[in-house]
Amino acid sequence: MKTHLVVLISGNGSNLQSIIDAIENGSINATLAGVISNNPDAFGLVRAQKHGIPICVLPHRDYANREQYDAALLAKTQAFHPDLIILAGFMRILTPVFVSPLQGKIINIHPSLLPKYPGLHTHAQVLHNQDQEHGVTIHFVTPELDAGPIICQTRLKVDAKDTEETLKQRIHQLEHMAYPQVVQWFAKKSLRLENNHVFLNGLPLEKQGINLPCTNLS
Ligand code: GRF
């Protein structure tokens, strides 16, 4: 049976597109079972429909609190029978109601070198602090925001001419290479989370160096 993926989005969905493309060109051996958005206007929904992928819109404003929303989100997600849930610009903090039953099955991509700059406005913070480098972190999701076990990071050198917009574009380029690679590891069963430790090819990542530049891996 092919690995079943569900992608959660809120916006443009360029990372979703990179995963769709990687499935269609054979780089990822998996089925995209569904795309769920909390935002009815997310462009990622259009991308999914264009490729015949089932979509589900679940507006958070219809629910009284985070826990009720997450219970509904859990039900909709599980209806797609996912092996892996991919957060791709899903702009909601998830509570244990959603995360706990799915631990080890949810990954997120974040536009910073975590633990630096969890949350929003990462590019602005990099520029404000005159950081020399910036990057992307892909991690398993735990109930704590942007703090789950890291799978890989990939980085770039900040240029003196960089603006928030150029950093956003350059980070997106890294994301579109790194996220499909990680999804493929999971689909090949090379990647798993066990007792809060990430294993790649049967080895705990601590032993391979926690900051794995995705671009150097195959
Ligand atoms: C990405 O930068 C990702 O790191 C962050 O949200 C953004 C989503 O972009 N979590 P897109 O919707 O995939 O284009």
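Numbers here are sequence positions counted from 1. Both ligands and their constituent atoms are indexed starting at 1 by order of listing.
Ile85 and Val57 end up in different hydrophobic clusters when Ile, Leu, Val, Met, Phe, Trp and Tyr side chains are linked at under 4.5 Å.
Legend: residues meeting side chain to side chain contact (heavy atoms under 4.5 Å, CB included) with Pro118, ordered by chain and number and at least two apart, are Leu114, Asp146.
Counting heavy atoms from C-beta on, the side chains of Asp162 and Val126 never come closer than 4.5 Å.
Across Lys116, Lys157, Arg155, a single residue satisfies salt bridge (charged side-chain N to carboxylate O under 4.0 Å, His left out) together with Asp131, and that is Lys116.
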Are there any N/O pairs under 3.5 Å between ligand 1 and the protein, and if so, what are their distances?
{"residue": "ligand 1", "atom": "2 (O)", "partner": "Glu175", "partner atom": "OE1", "Å": "3.1"}
{"residue": "ligand 1", "atom": "2 (O)", "partner": "Glu175", "partner atom": "OE2", "Å": "3.1"}
{"residue": "ligand 1", "atom": "4 (O)", "partner": "Ile109", "partner atom": "O", "Å": "3.4"}
{"residue": "ligand 1", "atom": "4 (O)", "partner": "Glu175", "partner atom": "OE2", "Å": "2.4"}
{"residue": "ligand 1", "atom": "9 (O)", "partner": "His172", "partner atom": "NE2", "Å": "3.2"}
{"residue": "ligand 1", "atom": "10 (N)", "partner": "Ile109", "partner atom": "O", "Å": "3.0"}
{"residue": "ligand 1", "atom": "12 (O)", "partner": "Gly13", "partner atom": "N", "Å": "2.8"}
{"residue": "ligand 1", "atom": "13 (O)", "partner": "Ser14", "partner atom": "N", "Å": "3.2"}
{"residue": "ligand 1", "atom": "13 (O)", "partner": "Asn15", "partner atom": "N", "Å": "2.9"}
{"residue": "ligand 1", "atom": "13 (O)", "partner": "Asn15", "partner atom": "ND2", "Å": "2.9"}
{"residue": "ligand 1", "atom": "14 (O)", "partner": "Ser14", "partner atom": "N", "Å": "3.0"}
{"residue": "ligand 1", "atom": "14 (O)", "partner": "Ser14", "partner atom": "OG", "Å": "2.5"}
{"residue": "ligand 1", "atom": "14 (O)", "partner": "His172", "partner atom": "NE2", "Å": "3.3"}

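Within 6.0 Å of atom CD in Gln78, more than 12 heavy atoms from other residues, nucleotides or ligands are found, so the atom counts as buried in its surroundings.
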Assess the residue pair His123 and His134 against the criterion (ring-ring contact (aromatic ring centres under 6.0 Å, His included)); give the C-alpha distance rounded to whole Å, side-chain angles, the decisive distance to 0.1 Å, and a yes or no. CA-CA 8 Å; His123 313 312; His134 187 22; 5.2 Å; yes
